[in-house]
Amino acid sequence: MDKQNFIEKYFSVLDNGYVSLIDVMGDDAAICQAARVSYGKGTKSISDDRGLIRYLLRHKHTTPLEMVVFKFHIAMPIHVHIQFIRHRMSTTNEYSARYSVVPEVIYDEYHLNAQSKNNKQGRTDDNVFGDGYDVELKDKIHKNELEAFALYNEMTKAGVAREVARMHLPLNTYTYFYWKIDLHNLLHFLSLRCDGHAQYEIRQYANTLAGLVNVCCPAAFEAWEDYAFGASTLTRLDKILLDFVIRVKSDDPIAGYNNDEQVLKKAEEIGMSKREVAEFFEKLVPKDKVNFDLDLSTAKDASFYGSE
Ligand SMILES: Cc1cc2nc3c(=O)[nH]c(=O)nc-3n(C[C@H](O)[C@H](O)[C@H](O)COP(=O)(O)OP(=O)(O)OC[C@H]3O[C@@H](n4cnc5c(N)ncnc54)[C@H](O)[C@@H]3O)c2cc1C
């Protein structure tokens, strides 16, 4: 895939958002060029670029990854942006709602899923409200949004300062920004935000960004999938329990042992909480590979969103 074909293409995210790669400096070769400066002759043993990149990621020698820098143009609901800008090792320049009028663009296509009972931060997969109540709620929300924008327009037309009038606009109003970040920090971002524990909405942005990283630096991306995204860190206690499971229960080291009395007793003995034990067994389950491929034929030019 030629990364040039992806520059300034706009990939749709959620109902009215997008991610576009505006510019990128560097690629897999730039990572290797930087690494070879520090290793000199030592890299002769790792002669090919893919092998060198995989070595770097396995051993957390990450500064060569900082030689690759991306600049994106992104549109996302404000509530997603609040999570997004927590990633401080990046640079953002956002649309100014003090200077300019806020466009009436709202994230409206979400599902009213129920609060999860075991994940206090998350939602269940189900819309438990049933069709009737769901439609009623969505109508109320939409009406509320239209009223908020009507009042906003009324205030700005009456001469109220835009920085004041914007204050009561809903959190699902879209905002627009440029985002610059190097590959090291972007992979860290993807590890956190492509993960199933991240909120659905930010995950959609992370998955699109992941697709673009894959296009620009395929070897580094593959190494990230293998050593970070698809990997798990074993704690000291995990290792003791794993050793026990393998030695004492050598017939089938994983299946069924999350309920095995001896294993649970051993876990208790070494001070693991029930949650740690559950997480330990989760780590041993291989992660399915996620398909991050982007369909270039669905991408739009900037003029599409400009005219919208
Ligand atoms: C599933 C999930 C749930 C979350 N829930 C909450 C929540 O409830 N409340 C909340 O406030 N946040 C929450 N966050 C945000 C989270 O705490 C981090 O702020 C966010 O993920 C950014 O991570 P980061 O600091 O590693 O990234 P960056 O800010 O990009 O930093 C990258 C790395 O640089 C280093 N670094 C950056 N700044 C400093 C510093 N000041 N000192 C030392 N080292 C630094 C660290 O090594 C850091 O990992 C959540 C995140 C996730 C993924």
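Remember, it's 1-based here, ligands and their atoms both numbered in the order they're listed.
- Y152 has its ring centre no less than 6.0 Å from the ring centre of H168.
- Remark: atom 53 (C) of ligand 1 lies closer than 4.0 Å to at least one protein heavy atom.
- Note that atom 11 (O) of ligand 1 has protein non-hydrogen atoms nearby, at separations under 4.0 angstrom.
- For atom 44 (N) of ligand 1, the nearest protein heavy atom lies 4.0 Å away or farther.
- Among all protein heavy atoms, the one lying closest to atom 6 (C) of ligand 1 is Q121 OE1, 4.2 Å.
- Contact annotation for atom 16 (C) of ligand 1: protein absent (non-hydrogen atoms, distance under 4.0 Å).
- Nearest protein neighbour of atom 13 (C) of ligand 1, counting heavy atoms only, is R86 NH1, 4.1 Å.
- Here Q199 has no heavy atoms under 4.0 Å from ligand 1, in either its backbone or its side chain.
- Here the heavy atom of the protein found nearest to atom 49 (O) of ligand 1 is H188 NE2, 3.4 Å.
- Ligand 1 has an N or O atom lying under 3.5 Å from an N or O atom of M89, backbone or side chain.
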Take F292 and F229, measure what ring-ring contact (aromatic ring centres under 6.0 Å, His included) needs, and give me the verdict at the end.
CA-CA 12 Å; F292 289 110; F229 187 57; 5.8 Å; yes
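- Expressed to the nearest 0.5 Å, how far CG of L241 lies from CD of E269 amounts to 10.5 Å.
- When only modelled atom types and interatomic distance are considered, Y176 and N93 share no side-chain donor-acceptor pair under 3.5 Å.
- Heavy-atom neighbours of E268 CD from other residues, nucleotides or ligands within 6.0 Å: at or below the threshold of 12.
- On a distance-only criterion, H197 and ligand 1 share no N/O pair closer than 3.5 Å.
- Under the 4.0 angstrom criterion, atom 21 (O) of ligand 1 counts as having a protein heavy-atom contact.
- Using a 4.0 Å threshold on non-hydrogen atoms, atom 39 (C) of ligand 1 counts as touching the protein.
- Side-chain contact, W179 with T91: no donor N or O sits under 3.5 Å from an acceptor N or O.
- Distance check for atom 3 (C) of ligand 1: a protein heavy atom is found below 4.0 Å.
- N185 and D182 share a donor-acceptor pair across their side chains, judged by distance under 3.5 Å alone.
- By the rule that hydrophobic residues join a cluster once side-chain heavy atoms approach within less than 4.5 Å of another member, I270 and L264 end up as members of one cluster.
- With a 4.0 Å cut-off on non-hydrogen atoms, R193 touches ligand 1 through its side chain and not its backbone.
- Among all non-hydrogen protein atoms, the one lying nearest atom 41 (N) of ligand 1 is R88 NH1, 3.5 Å.
- The ring of Y18 has its center closer than 6.0 angstrom to the ring center of H73.
- With no hydrogens or angles considered, no side-chain donor-acceptor pair links D301 and S303 at under 3.5 Å.
- Checked against a 3.5 angstrom limit, the closest N/O atoms of N185 and ligand 1 fall outside it.
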